[in-house]
Amino acid sequence: MGSVKTQRIVEALEHHGVKPTANRIVVYEALAASYRPMSLAELEQKIMTIDKSGIFRSLCTFRESHLLHVIEDGGEGVRYELCHSHDHHQHDDMHVHFHCERCGRTFCIDNTPIPIVELPEGYQMTSANYVVKGICPECVGK
């Protein structure tokens with residue numbers, strides 16, 4: 001029988017309608033263990049047992065099931081982070097991100113919601129990507 005941590009991951013995946021395969025459990029665990037959004041390359045370095053295409057397929061499945069956010073940070077590409085949402089139809093935890101222009105890392109700024117944007121009639125927002133750029137505290141101290 002699996003560990004309590006694995007069982008929680010399985011429950012989270014199933015709650016979002018995602019079949020808990022071995023690869024998906026490993027990718028979810030890597031994202032959950034990270035303290036910040038990760039790029040595909042960072043996940044590939046962290047997960048040595050799954051190839052890039054296998055990781056990417058899991059990320060696509062998670063995205064379709066509203067299990068993760070895709071953040072375009074203005075850097076080399078996109079980064080991924082797990083949603084804290086409990087709704088498998090939409091994201092309800094959109095928040096601000098900070099991209100350090102010196103080290104290239106992107107951080108969640110939790111509890112700082114994205115400002116409300118009033119769109120013209122007929123437009124419907126499905127997501128928002130709010131990134132603040134600057135220098136992170138670790139790089140300022142160097």
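The structure displayed is predicted, hence computed values, not measured ones.
Tyr28 and Met48 fall into different hydrophobic clusters, where Ile, Leu, Val, Met, Phe, Trp and Tyr are joined by side-chain heavy atoms under 4.5 Å apart, directly or via other members. Criterion: ILVMFWY side-chain heavy atoms under 4.5 Å apart, direct or through other members. Under it, Val117 and Val132 are part of a common hydrophobic cluster.
In terms of heavy atoms, Ser65 sits closest to His16 at O-CD2, 3.2 Å. Closest non-hydrogen pair, Arg36 versus Thr106, comes out as CB-O, 3.1 Å. Nearest heavy-atom pair, Pro37 versus His97, reported as atom, atom and distance to 0.1 Å: CG-CD2, 4.0 Å. Listed here is the closest heavy atom pair of Leu40 and Tyr80: N-CE1, 4.1 Å. A pairwise comparison of heavy atoms in Glu72 and Val131 identifies O-CG2, 3.5 Å as the closest pair. Taking each heavy atom of Cys139 and Ile135 in turn, the nearest pair found is CB-CG2, 3.6 Å.
Here the CD atom belonging to Glu118 is positioned 10.0 Å from the CE atom belonging to Met125, to the nearest 0.5 angstrom. In this structure, Arg8 CZ and Ile25 CD1 are separated by 14.5 Å, a value rounded to the nearest 0.5 Å. Rounded to the nearest 0.5 Å, atoms CD (Glu29) and OG1 (Thr6) are 6.0 Å apart. Of the inter-residue distances, the one linking Ile47 atom CD1 with Ser58 atom OG reads 8.0 Å to the nearest 0.5 angstrom. How far OG of Ser39 is from CD1 of Ile71: 11.0 Å, rounded to the nearest 0.5 Å.
Thr21 and Asn23 are not linked by any side-chain donor-acceptor pair at a separation below 3.5 angstrom, with hydrogens and angles left out of the test.
The shortest side-chain heavy-atom distance between Pro20 and Glu14 falls under the 4.5 Å cut-off. By the 4.5 Å heavy-atom criterion applied to side chains, Leu59 and Leu31 are counted as neighbours.
The local environment of CD1 in Ile116 is sparse, with at most 12 non-hydrogen atoms from other residues, nucleotides or ligands closer than 6.0 Å. Open room surrounds CD on Glu138; 12 or fewer heavy atoms of other groups in view lie less than 6.0 Å from it.
Ring geometry for Tyr35 versus Phe107: interplanar angle of 30 to 60°, hence tilted.
Across Lys52, Arg79, Arg105, a single residue satisfies salt bridge (charged side-chain N to carboxylate O under 4.0 Å, His left out) together with Glu42, and that is Arg79.
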